[in-house]
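Structure first, then comments.
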Amino acid sequence: MTSSKTYDAIVVGAGHNGLTAAAYLAHAGLSTLVLERREIVGGCCVTEEIAPGCRVSTTSYIASMLRPEVIRDLRLGEFGLRMVPCDPAIQVAFPDGKVVPWWAERERAVAEFRKYSVKDADTFVRVDDQLKRLARYLQPFFLEPPPEIETGSLQGWADLFRVGKRFRSITNGDLAELILFLTGSLGEFLDHNYESEVIKTLFLANNVYGKHGGPYQPGTAIGLLFHLLSGGAEEVQGFYGHVMGGMGSITQALAAAGQKLGVEIRTSAPVARIDTRHGKVRGVVLEDGTEIRSKLVLSNADPKRTFLKMVDSSELPGEFLHAIRGIKMEGPCAKVNMVLSEEPRFTGTPAQYTPLERTFYTIVPSLEFAEKCYDIAKFGEIPEELWVDCVVCSNADDSLVPKGKHVLTCFVQYVPYHLRQGTWDENRELLGDRVVKKIGEHAPNVPNSILTRQVLTPLDLERTYGLTEGNIFHGDLRLEQLFFMRPVPGWSQYRMPIDGLYLCGAGTHPGGGVTGAPGHNAARQVLRDWKMMRRKGAVA
Ligand SMILES: Cc1cc2nc3c(=O)[nH]c(=O)nc-3n(C[C@H](O)[C@H](O)[C@H](O)COP(=O)(O)OP(=O)(O)OC[C@H]3O[C@@H](n4cnc5c(N)ncnc54)[C@H](O)[C@@H]3O)c2cc1C
């Protein structure tokens with residue numbers, strides 16, 4: 001069956017980036033249809049009910065880098081988006097029962113660090129200033145396409161000029177530091193600059209998140225800069241926020257904003273194929289056989305899913321396909337969500353803490369532990385001892401559960417996508433048991449208060465949320481897969497090798513996380529091309 005309406009643009013996938021792109025396109029007057037395979041919008045930025053009346057951010061759980069421009073342009077506040085800063089921004093629960101906060105306010109954080117090392121507290125101030133300064137060089141690139149420096153073309157020269165202009169006032173010292181952060185390891189940086197294991201571990205808890213690599217792997221220091229890009233409605237450097245109503249409030253607000261601008265959204269509408277002919281996009285074909293025509297298609301699915309599953313390989317250059325197959329995915333993390341009959345009581349939490357201060361705990365003892373944990377997972381084993389990030393969401397927002405109950409969401413790394421022995425279906429509960437045991441060492445009342453437990457292995461992230469190999473960023477965030485190398489070299493400006501086909505998800509620059517930046521940037525690129533097509537009379 002062929003649908004009678006032809007759209008200007010179809011967006012495949014209603015993740016937060018797909019919804020962002022769609023809203024910008026509709027705002028510019030393009031008739032836009034979003035097709036989502038799941039029954040709900042949001043991709044991996046959702047709030048779901050895991051037991052009657054108990055809702056939780058099943059996948060992503062902290063908003064840190066959602067672009068202020070996207071929040072403002074699409075007026076997400078008017079559509080119900082409200083975030084409360086995490087304070088402490090980070091809080092580590094150590095094996096000896098100590099709970100150490102990293103307060104959001106710098107002076108308060110420094111005072112806390114002083115308890116562990118006066119020297120480190122002073123170093124922190126110096127390094128924080130330096131990192132914030134360096135992060136400002138990178139910040140402007142976040143919301144624009146990476147340069148494609150092709151000196152044979154006018155555009156290439158313009159891109160070269162754009163990059164040069166950004167760095168024209170950089171000093172030798174800053175350049176050296178920037179290269180160090182881009183290529184060095186987090187572990188070596190911390191060992192070189194700090195003496196306290198406690199303070200180093202606080203930095204660790206804030207970095208290499210969801211990354212395929214231990215903290216001593218080259219390229220892991222970049223997270224120190226990445227996390228200092230500004231985020232949240234107030235544009236705060238290093239912002240961390242709890243979203244009221246869970247992360248799904250972000251995508252609900254994006255969907256509502258888009259619909260007000262004219263975006264049509266269809267859920268339970270899996271796209272089987274992106275229809276292309278002679279190097280040009282024609283629309284999509286749904287799994288039920290429905291054909292829908294459009295002048296443009298933007299895929300919010302990851303690059304492997306898009307090009308290895310939805311596009312006819314004979315329409316793509318061999319080199320491009322080869323590069324897509326080579327993208328490093330293999331998600332190294334999992335999620336465990338629980339409904340509890342009482343609030344988790346983490347040992348060492350001061351009695352005077354407010355509920356918000358009792359919300360976010362990271363269980364990771366040291367850099368060495370994290371490196372060893374990764375080493376075990378890298379060879380296909382599920383580590384006995386895991387790194388677990390715990391958020392007691394109901395302490396930040398009690399509307400998520402009926403009175404008296406609590407929801408705890410736990411991000412777990414490192415685990416392998418490919419198991420050496422057995423399958424994830426056979427090992428799901430083993431993973432859940434290990435996570436609960438680890439939490440029980442720090443919050444002893446948790447194991448006996450679990451009413452519901454949902455374990456999402458890397459395989460479940462793939463099956464349920466459509467993330468190839470369970471990679472939460474649509475491709476690992478490693479230097480050779482960033483900037484003009486993302487998704488693959490030569491194709492970083494959202495246009496793909498088929499006329500009218502674009503990528504708009506986390507697999508493109510600047511990468512994963514709930515930022516809205518790939519969706520925003522892709523839409524801007526589409527609109528530039530649309531204008532050009534109009535000028536040439538190719539579209540009405
Ligand atoms: C467990 C987990 C924890 C995370 N924690 C955080 C966090 O705390 N903070 C943070 O900032 N980031 C976090 N992230 C990362 C972040 O959520 C993602 O990088 C980001 O949401 C990706 O957004 P996206 O819109 O690009 O893609 P997605 O959210 O993956 O959306 C893609 C959409 O496309 C749909 N789709 C795919 N194929 C088809 C098809 N054939 N037809 C129709 N639809 C299709 C999918 O169903 C999905 O809805 C986490 C991710 C996970 C999985």
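The shown structure was predicted, so the numbers you read here are calculated from the model rather than taken from an experiment. Both ligands and their constituent atoms are indexed starting at 1 by order of listing.
For ligand 1, the atoms lying closer than 4.0 Å to a non-hydrogen atom of Leu467 are 30 (O), 53 (C). Taking every non-hydrogen atom of Ala506 and a distance limit under 4.0 Å, the qualifying atoms of ligand 1 come out as 22 (C), 26 (O). The Ala301 neighbourhood of ligand 1 comprises atoms 37 (C), 38 (N), with distances under 4.0 Å to a heavy atom of that residue. Listed by number with element, the atoms of ligand 1 under 4.0 angstrom from any heavy atom of Val12 are 40 (C), 42 (N), 43 (C). Atom numbering of ligand 1 starts at 1 in the shown order; those under 4.0 Å from a heavy atom of Ile62 are 7 (C), 8 (O), 9 (N), 10 (C), 11 (O). Close contacts between ligand 1 and Gly15 involve ligand atoms 25 (O), 29 (O), 31 (O), 33 (C), 49 (O) [criterion: under 4.0 Å to a heavy atom]. Heavy-atom proximity to Gly512, at under 4.0 Å, picks out these atoms of ligand 1: 19 (O). Ligand 1 places these atoms under 4.0 Å from at least one heavy atom of Arg305: 37 (C), 38 (N).
When ring centroids are compared, Tyr361 and His442 stay outside the 6.0 Å threshold. Remark: aromatic rings of Trp102 and Phe203 are close, center separation under 6.0 Å. If you look at Tyr494 and Tyr502, their ring centroids are not closer than 6.0 Å.
For the pair Glu36 and Arg38, the salt-bridge criterion is not met [side-chain N within less than 4.0 Å of a carboxylate O]. A salt bridge between Asp460 and Arg428 is present, with a side-chain N of the basic residue lying under 4.0 Å from a carboxylate O of the acidic one. Comment: Lys328 does not engage Glu469 in a salt bridge, judged by the lack of any side-chain N to carboxylate O separation of less than 4.0 angstrom. Between Glu48 and Arg55 there is no salt bridge, since none of the side-chain N atoms of the basic residue sits less than 4.0 Å from a carboxylate O of the acidic one. Checked for salt-bridge contact, Lys132 and Asp128 meet the test: a charged N lies under 4.0 Å from a carboxylate O. Contact check on Lys5 versus Glu264 returns a salt bridge, with a Lys/Arg side-chain nitrogen under 4.0 Å from an Asp/Glu carboxylate oxygen.
Proximity of Met310 to ligand 1, defined as any heavy-atom pair under 4.0 Å, is confined to the side chain (atoms from C-beta onward). With a 4.0 Å heavy-atom cut-off, ligand 1 is reached by no atom of Met65. Residue contacts with ligand 1, taken as heavy atom pairs separated by less than 4.0 Å, involve Leu35 solely via the backbone atoms N, CA, C and O.
Of all protein heavy atoms, the one lying nearest to atom 13 (C) of ligand 1 is Ser60 CB, 3.3 Å. Closest protein heavy atom to atom 11 (O) of ligand 1: Val514 N, 2.8 Å.
A donor-acceptor contact shorter than 3.5 Å links the side chain of Lys304 to the backbone of Ile327. Between the side chain of Gln493 and the backbone N or O of Pro146 there is at least one donor-acceptor pair closer than 3.5 Å.
Aromatic ring orientation, Tyr209 versus Phe411: parallel (interplanar angle below 30°, classes split at 30° and 60°).
Checking only distances, Asn17 does come within under 3.5 Å of ligand 1, N or O to N or O. Backbone and side-chain nitrogen or oxygen atoms of Cys44 are examined, and one is located within less than 3.5 angstrom of a nitrogen or oxygen of ligand 1.
The closest non-hydrogen atom to atom 12 (N) of ligand 1, taken over Gly513, Ala522, Gly43, comes from Gly513. Among Tyr209, Tyr61, Tyr240, the residue whose heavy atom lies nearest to atom 5 (N) of ligand 1 is Tyr209. With distances taken over non-hydrogen atoms, the option nearest atom 39 (C) of ligand 1 out of Gln413, His16, Arg37 is Arg37. For atom 53 (C) of ligand 1, the nearest non-hydrogen atom from the set Ile472, Ile250, Leu503 belongs to Ile472. Which of Asn300, Val284, Thr20 comes nearest to atom 24 (P) of ligand 1 through a heavy atom is settled by distance: it is Asn300.
Ligand 1 lies less than 4.0 angstrom from a heavy atom belonging to Pro270.
A pairwise comparison of heavy atoms in Met247 and Ser57 identifies N-OG, 2.9 Å as the closest pair.
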